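All values derive from a computational prediction rather than experimental measurement. If you read the sequence from its start, that first residue is 1, and numbering goes on from there.
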Amino acid sequence: MDTPRLLLVDDEPALGDLLKRFLERQGYAVDTFRDAETALAALVRDPALYALLITDLTLPGMNGEDLVTKVREQAPDLPAIIASGYPHEPQAERVAFVQKPFLPKMLCEEIERLLKD
């Protein structure tokens, strides 16, 4: 089975790097971006490359919910996880929400659940 590639978007470099290292140890390939626009450009280049999007809700320029909407224009079936320290109810199908701070194990459980759907 191919290694699932995740698109991770978080404007906090320390958190993005920590999550990338953790997820790679769990067997995922991870491309990390600090802003929604750069992440979206990477996805547009190859929409089939990514198995799942993980994004912070509050990002400079474009929030995570808007990023999911834009991503779905290119990859309609791409599942997503939105993370935030604020309560949030995702607006789209196949989008999970994880409340910050979260345990990395909780994130992995959501990833596995979404990739199975």
Side-chain heavy atoms of L8 within contact of F33, under 4.5 Å: no
Common cluster, M106/Y28, ILVMFWY with side-chain heavy-atom separation under 4.5 Å: yes
ring-ring contact (aromatic ring centres under 6.0 Å, His included) contacts in which one or both residues fall within residues 35-66, not counting sequence neighbours: none
Pairwise side-chain contact, L52 with L115, heavy-atom cut-off 4.5 Å (strictly under): yes
Qualifying residues under side chain to side chain contact (heavy atoms under 4.5 Å, CB included), relative to E24, sequence neighbours excluded: K20, V30
side-chain contact (heavy atoms from CB on, under 4.5 Å) between L6 and I54, worked out: CA-CA 7 Å; L6 309 178; I54 303 168; 4.1 Å; yes
Which atom of P60 lies closest to which atom of D11, heavy atoms considered: CD-OD2, 3.5 Å
Nonpolar side-chain network containing L18, other nodes, edges under 4.5 Å: none
Closest contact, heavy atoms only, G27 versus P4: O-CD, 4.5 Å
Distance (rounded to the nearest 0.5 Å) between L7 CG and L78 CG: 7.5 Å
Residue list, side chain to side chain donor-acceptor pair (under 3.5 Å) with R21, at least two apart or on another chain: none
Minimum-distance pair of heavy atoms, taken over all atoms of E110 and R113: OE1-NH2, 2.7 Å
For D17, side chain to side chain donor-acceptor pair (under 3.5 Å) partners two or more places apart: R34
Hydrophobic cluster membership, V9 vs L19, 4.5 Å side-chain cutoff: no
Sequence-distant partners of E109, side chain to side chain donor-acceptor pair (under 3.5 Å), two or more places apart: K105
Anything under 3.5 Å between a donor and an acceptor, one on a side chain of residues 37-44, the other on a protein residue two or more places apart or in another chain? List them.
| unit_1 | atom_1 | unit_2 | atom_2 | d |
| --- | --- | --- | --- | --- |
| T38 | OG1 | D35 | OD1 | 2.9 |
| T38 | OG1 | D35 | OD2 | 2.9 |

Minimal non-hydrogen separation, P47 against A75, with atom names: O-CB, 4.1 Å
Nearest-0.5 Å distance, CG of residue D46 to CD of residue Q74: 11.0 Å
Shortest non-hydrogen contact from L59 toward A36: CD1-CB, 4.1 Å
Check: V68 and L53 side chains under 4.5 Å, non-hydrogen atoms: yes
In one Ile/Leu/Val/Met/Phe/Trp/Tyr side-chain cluster, 4.5 Å: L57, V71: yes
May I have the list of side-chain donor-acceptor pairs in residues 94-101 shorter than 3.5 Å, sequence neighbours left out?
| unit_1 | atom_1 | unit_2 | atom_2 | d |
| --- | --- | --- | --- | --- |
| R94 | NH1 | D77 | O | 2.7 |
| R94 | NH2 | L114 | O | 3.0 |
| Q99 | NE2 | G85 | O | 2.7 |
| K100 | NZ | D10 | OD2 | 3.2 |
| K100 | NZ | D56 | OD1 | 3.1 |

Qualifying side-chain hydrogen bond (donor to acceptor under 3.5 Å, both in side chains) pairs, either residue in residues 60-72, two or more places apart: E65-H88
Under the salt bridge (Lys or Arg N to Asp or Glu O under 4.0 Å) test, residues paired with D31 that sit two or more places apart: R5
With sequence neighbours excluded, residues passing ring pair (Phe, Tyr, Trp, His ring centres under 6.0 Å) with F22: none
Joint cluster assignment, L23 & F102, ILVMFWY side-chain distance < 4.5 Å: yes
Under the salt bridge (Lys or Arg N to Asp or Glu O under 4.0 Å) test, residues paired with K116 that sit two or more places apart: none
